[in-house]
Protein chains: 2
Amino acid sequence: MATPDRPGFALPLLLLAGFRTLIDDLHAELARQGHAELRPAHGFVLQAVGPAGTTASDLGQRLGVSKQAAGKTVDRLVALGYLERVDDPVDARRKLVRMTARGHDGLRRSAIVFDELRDSWAATLGADRVAAIEDDLRRMVPADVFHLDVPGWFGG
Amino acid sequence: MATPDRPGFALPLLLLAGFRTLIDDLHAELARQGHAELRPAHGFVLQAVGPAGTTASDLGQRLGVSKQAAGKTVDRLVALGYLERVDDPVDARRKLVRMTARGHDGLRRSAIVFDELRDSWAATLGADRVAAIEDDLRRMVPADVFHLDVPGWFGG
DNA sequence: GTAAGATAGTCAACGTGGTTGACCAAATAG
DNA sequence: CTATTTGGTCAACCACGTTGACTATCTTAC
């Protein structure tokens, strides 16, 4: 209703809507699988922490936000049981951020569900069309933007 | 780096990155054209206000947020000179929210710049590929999600 | 014509996800 | 050994959302 069949707005709106659709579907399914508290941003954070773990400063750099912001996000994920902080044995300043078992579970399930959602798109659109969308976007999106998993860019 | 050539994450990340690329480019150009304070969300809000104007409650419904949130957003846009509030002559409860001249200018320029950006994608990808992306997404995205211009859904 | 209910706007408190600036402790370079 | 860099945290702040409570006004029903 508020929307635009104005030509200029269609493409960005469709990209956003496509992303949102995927994320909504993902979280509906994750909630069913015992991860109701996992918010859209959290998947990207877990992804950025990675299996090896990292530090708050490094996490901030990966996500393109300040170390303070990264620290606060880690606090929340720690409170939810997805991450834990451990002292670095070789550098007393550092605190390693690592995924807990629950964190690993959440991330693993996210990837699986995303795969299923992609398959369901492929079932409607055709696998080649989905692959074509991916190829086209990969060509149009600068690598540094593609490689940025940052959640909060939208409102920043 | 933090990213995923994990298969499941590629499609959503590409959709997000594509959207972000467009929005970043839009705002870089808008800043050059005298609208540096216009944030990503604001375009959607102006769009939702529309040429006829509306009320805060109605705006909230259009954007899928509470009337209070819509009211606060209107406050900010009023402070920036993009919107104005006027009393409704026939209903003393209502305050009409309308675009100012600056608001119209910002929205008009957004649409023009988006068109140019789409053209630049078409120049690289081919017009038919861009149209195909749009068609595919239009088919995969539920109408109510496509028709939702809401900015803040991401972190809600 | 008035009592009751729905609707518009606002205020306050709060949560989340960001920002800067300041600061301390620990590591590293000269 | 001193000077600098780096990692983490604290505090204050901003944008954007939430719910709950409240007032003023309009609408409906009796």
Side-chain angles (χ1 to χ4, degrees), chain A residues 20 23 27 37-46 48-49 53-80 82-98 148-156, chain B residues 16 20 23 27 36-46 48-49 53-80 82-98 148-156:
Chain A
R20 191 196 165 139
I23 297 291
H27 286 280
E37 303 126 312
L38 219 43
R39 316 271 288 20
H42 296 161
F44 297 108
V45 176
L46 294 179
V49 169
T54 180
T55 64
S57 289
D58 183 53
L59 185 61
Q61 272 189 290
R62 290 186 192 185
L63 296 177
V65 301
S66 65
K67 60 181 180 176
Q68 296 94 325
K72 281 204 246 178
T73 300
V74 170
D75 288 344
R76 289 176 210 119
L77 270 309
V78 167
L80 292 175
Y82 287 91
L83 294 177
E84 61 182 355
R85 269 190 250 251
V86 300
D87 290 335
D88 185 322
V90 318
D91 185 339
R93 294 170 306 176
R94 309 179 80 199
K95 294 187 184 165
L96 276 311
V97 175
R98 285 193 319 210
L148 157 161
D149 329 65
V150 57
W153 68 273
F154 194 95
Chain B
L16 177 59
R20 192 198 163 138
I23 297 292
H27 286 281
E37 304 125 315
L38 218 43
R39 316 274 291 5
H42 296 163
F44 296 108
V45 176
L46 294 180
V49 170
T54 181
T55 64
S57 289
D58 183 53
L59 185 60
Q61 271 188 289
R62 291 185 191 184
L63 295 177
V65 301
S66 64
K67 60 181 180 175
Q68 296 93 325
K72 282 203 242 178
T73 300
V74 170
D75 288 343
R76 288 174 213 118
L77 271 309
V78 168
L80 291 174
Y82 287 90
L83 294 178
E84 61 182 354
R85 269 190 251 251
V86 300
D87 290 334
D88 185 322
V90 318
D91 185 340
R93 294 170 305 174
R94 310 179 81 199
K95 294 186 183 164
L96 276 311
V97 174
R98 285 193 319 210
L148 156 161
D149 330 65
V150 58
W153 68 275
F154 193 94

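Not measured: the values here are computed from a predicted model. Protein chains get the first letters and strands the later ones, always in sequence-line order, with residue 1 at the start of each. In what follows, every heavy atom counts, from backbone to side chain, and hydrogens, waters and symmetry copies are set aside.
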Exercise. Name the nucleic acid region contacted by B/Ala92, choosing base, sugar-phosphate or nothing; use a 4.0 angstrom heavy-atom cut-off, strictly under.
Key: sugar-phosphate
How many Å lie between [atom1] on [X] and [atom2] on [N], as a whole number?
X       : N      : atom1 : atom2 : result
B/His42 : D/dC14 : NE2   : P     : 15 Å
B/Asp88 : D/dT27 : CG    : P     : 10 Å
B/Arg39 : C/dG18 : CZ    : P     : 13 Å
A/Arg62 : D/dG7  : CZ    : P     : 13 Å
B/Phe44 : D/dC16 : CZ    : C1'   : 15 Å
A/Leu77 : C/dG15 : CG    : C1'   : 15 Å

Self-check item: Base versus backbone protein contacts along nucleotides 5-13 of chain C [heavy-atom cut-off under 4.0 Å; B, S, -]
Solution: -BBBBBB-B
Quiz item: What closest approach, in Å, do A/Thr54 and A/Ala48 show between heavy atoms, and which atom pair accounts for it?
Solution: CG2-O, 4.5 Å
Self-check item: Option from A/Val74, A/Leu59, A/Asp58 for which side-chain contact (heavy atoms from CB on, under 4.5 Å) with A/Val49 holds
Solution: A/Leu59
Exercise. Return no unless some side-chain N or O of B/Arg76 is found under 4.0 Å from OP1 or OP2 of D/dC14.
Key: no
Quiz item: Looking at B/Thr73, does any N or O in its side chain come under 4.0 Å of the phosphate oxygens OP1/OP2 on D/dG17?
Solution: yes
Quiz item: Starting at the 5' end of DNA chain C, which residue's closest nucleotide do you reach first, A/Val90 or A/Ala70?
Solution: A/Ala70
Quiz prompt | Nearest-0.5 Å distance that lies between atom OG in A/Ser57 and atom CD in A/Gln68 | solution = 8.5 Å
Quiz prompt | Non-hydrogen side-chain atoms of A/Thr55 and A/Val97 separated by less than 4.5 Å | solution = no
Quiz item: Applying salt bridge (charged side-chain N to carboxylate O under 4.0 Å, His left out), which residue pairs with at least one partner in residues 82-92 of chain B are found, sequence neighbours left out?
Solution: B/Asp75-B/Arg85, B/Glu84-B/Arg98, B/Asp88-B/Arg94, B/Asp91-B/Arg93
Quiz prompt | Worked verdict on A/Leu83 versus A/Leu46 for side-chain contact (heavy atoms from CB on, under 4.5 Å) | solution = CA-CA 8 Å; A/Leu83 294 177; A/Leu46 294 179; 3.8 Å; yes
